[in-house]
Amino acid sequence: MDVHKTPLLSVFDAKQRLEVPLFQRQYVWGEEQQWQPLWEDIERKFVEALEGNKDTPNHFLGAMVLDQKQTPTGHVLIRQVIDGQQRLTTFQIFLAAFRDFCRSQACNELADECGKFLFNTGMMANKEVDKFKVWPTQLDRAQFRDVIDSGSREEVLRRHPDQRRPYARKLEPKPRMVEAYIFFFAQLQEFFIGTEGESPLFADCAIEDRTNECFQTLRNSLMVVVIDLLADDDPQVIFETLNARGEPLLPADLLKNFIFFRAGREGINTEEAYQTYWARFDDEFWRKEVKQGRLVRPRSDLFMQHFLASQQGRDIPIKHLYVEYRHWVTNTKPFATITEELKTLARQGDAFRRIIDPLPGSALSSLCAFLEAYDNSTVYPLLLSFSEYELSDDQWREVSAIIESYLMRRAVCNLTVKGYNRIFLTITRNLRRDGFSVERLRELLQASSAETAEWPDDAAFKEAWLHKPLYGTLNNPKLVHLYARLNQTFMSSKIEKITFEERPTIEHIMPQTWVPNWLLQDGTTGVDWTELQTADPADPRVIASRKRNAAVQTLGNMTLLSSALNSAQSNLGWDHKRQEMASHSLLPINNEVLALPTWDEAAIAARGAVLFERARKIWPR
């Protein structure tokens, strides 16, 4: 066989048809496992291109195996795709979406350029088939034609309109390739045009310039390994070998090999260096898999991802840690010696362990608990950068308080989390330039007034705290953390410390199903959810019921219980429920509530205001 690496677009340069054999499976890739990760890889290269960051490793999309096929005279050259058909097909769909997006923005010259990688031109014996650069299996050809041939998103949707079965709540799914096209078109639209309240990256540059720059990175930075089979190669044997499943090496294993191979060549005592610097990474702690966003990866992977991000000030894809690390060390030479490299990794590994698994009562324990509850790891590179400096415990507590306040206020105000990676990496770069200090961190976070990055002031924080329906917006772990922090402010030195063997629960003081047992403030019966759908909106009972439904979901109406009330007790009237809550709660946050003779909208608003004053001090701007 002949093996060579090449830019993916070069595969589509030649006048040939890459044909998927009929015995291959249909197109099966989907959004969560394949389209989204592929888009994230492409988006990252786009961002690097727009930022002018050319010194980054090429991104490898994997391998494909091609076999020559006998082609009749006059027909376009045919090569069979033995392996790699899913990614080849997906990239053609992406190119079609990119072409049509460019056309929709009047970037017609670039749209025409994209077409050269989708269609063959010139003389062809069977133009209806030979014109396609890629030709899928028979069952997929109709939807593939619709995507590649339509020329616009509108035409694709006209051929595949929304459909819903009678009484069904969800739309019928479209063919998978059509869904892929719609997904990629939407991502391109958001990247280049932005969304309501969020401008695109480098919005001050013309969209024609931005799309051109990104197309060049498609042409040059996305690589594949092409394996061309020769006459005596068995396609089936090679296919089975490439798709065999073994236990994969972790990036940490590959990095260890890379570092200690170089150390041995330089005459370093590798046994001693291993025991001194690396043995800690072979602890089971580092191989434990933990969830980060939608990914589940070993802690060693997460450490290396955040370490590289903290050093370079840019987002590092977790799938390519080894390649990224090797490229960084080889090209930028950040370490004078391999011993210095090992020392740095050991020191930063210890720091990362203190960040994600701090000792109880340590300077970082409060922030770590917050980040775990709010499933936020984007701040880790910033914390690792701070760990390079000798901060006192008091300084660490200040850093923790600033970051937690920033994130908590944004969470309560229901502001987007989408740009956190970019925000904290930009801050990391700025601090490396200006010097790391608590005050400079605060200044950088306060500097932005854009909704995507603002640190809400007291007025915005209070408005959301008192009036936003945050139950559901903030999930149970987030609310439990919030009320646990509030509960601490009610503690005095005379109150016994309380520890939970099980996670406490969030309880609505006035229940969500309040109508049967809780009269409105004027003594009338409220209107339940079913009746509200058809009731007269001007009816005073309807207005009062809607107002109460909104109040029920605000922070003034929720609290923390050490054990859950069953639903029958939870929905009782206030006199009965107050007794049940008292028997289930030892927490001081509930003492004032349980002393009240009535619980209604006025009580909810008053308690919300009291809790806000405490929250403002816990999470100050």
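Positions are given from 1 along the sequence.
Take Tyr389 and apply the ring pair (Phe, Tyr, Trp, His ring centres under 6.0 Å) test, not counting sequence neighbours, and it matches Phe436. For Ser448, there are no side-chain hydrogen bond (donor to acceptor under 3.5 Å, both in side chains) partners at least two apart in sequence or on another chain. Under the side-chain hydrogen bond (donor to acceptor under 3.5 Å, both in side chains) criterion, Arg153 pairs with no residue at all, not counting sequence neighbours. Residues meeting the side-chain contact (heavy atoms from CB on, under 4.5 Å) test with Gln579, sequence neighbours left out: none. With sequence neighbours left out, the side-chain hydrogen bond (donor to acceptor under 3.5 Å, both in side chains) criterion links Asp539 to no other residue. In this view, Glu388 and Gln311, Gln348, Arg432 satisfy the side-chain contact (heavy atoms from CB on, under 4.5 Å) rule, not counting sequence neighbours. Partners of Pro516 under the side-chain contact (heavy atoms from CB on, under 4.5 Å) rule, at least two apart in sequence or in another chain, are Thr513.
Under the salt bridge (charged side-chain N to carboxylate O under 4.0 Å, His left out) criterion, the residue pairs touching residues 570-592 are Glu507-Lys577, Asp575-Arg578, with sequence neighbours excluded. Identified under the salt bridge (charged side-chain N to carboxylate O under 4.0 Å, His left out) test for residues 596-609, with sequence neighbours left out: Arg548-Glu601. For the salt bridge (charged side-chain N to carboxylate O under 4.0 Å, His left out) condition, the pairs that include at least one residue of residues 305-318, sequence neighbours left out, are Glu48-Arg314, Arg314-Glu324. Legend: ring pair (Phe, Tyr, Trp, His ring centres under 6.0 Å) pairs involving residues 355-377, not counting sequence neighbours, sorted by first then second residue: Phe370-Tyr374, Phe370-His481. Here salt bridge (charged side-chain N to carboxylate O under 4.0 Å, His left out) pairs that include residues 398-414, with residues two or more places apart or in two chains, are Glu404-Arg485, Arg409-Asp458.
Side-chain atoms of Arg541 and Thr524 include no donor-acceptor pair closer than 3.5 Å.
Each of Leu431, Ile355, Thr428 was checked for a side chain to side chain contact (heavy atoms under 4.5 Å, CB included) with Phe386, and the lone residue meeting it is Leu431.
Looking at Leu188 and Phe46, their side chains come closer than 4.5 Å, going by heavy atoms from C-beta outward.
Between Arg44 and Asp41 no salt bridge is recorded (no basic side-chain N to carboxylate O distance below 4.0 Å).
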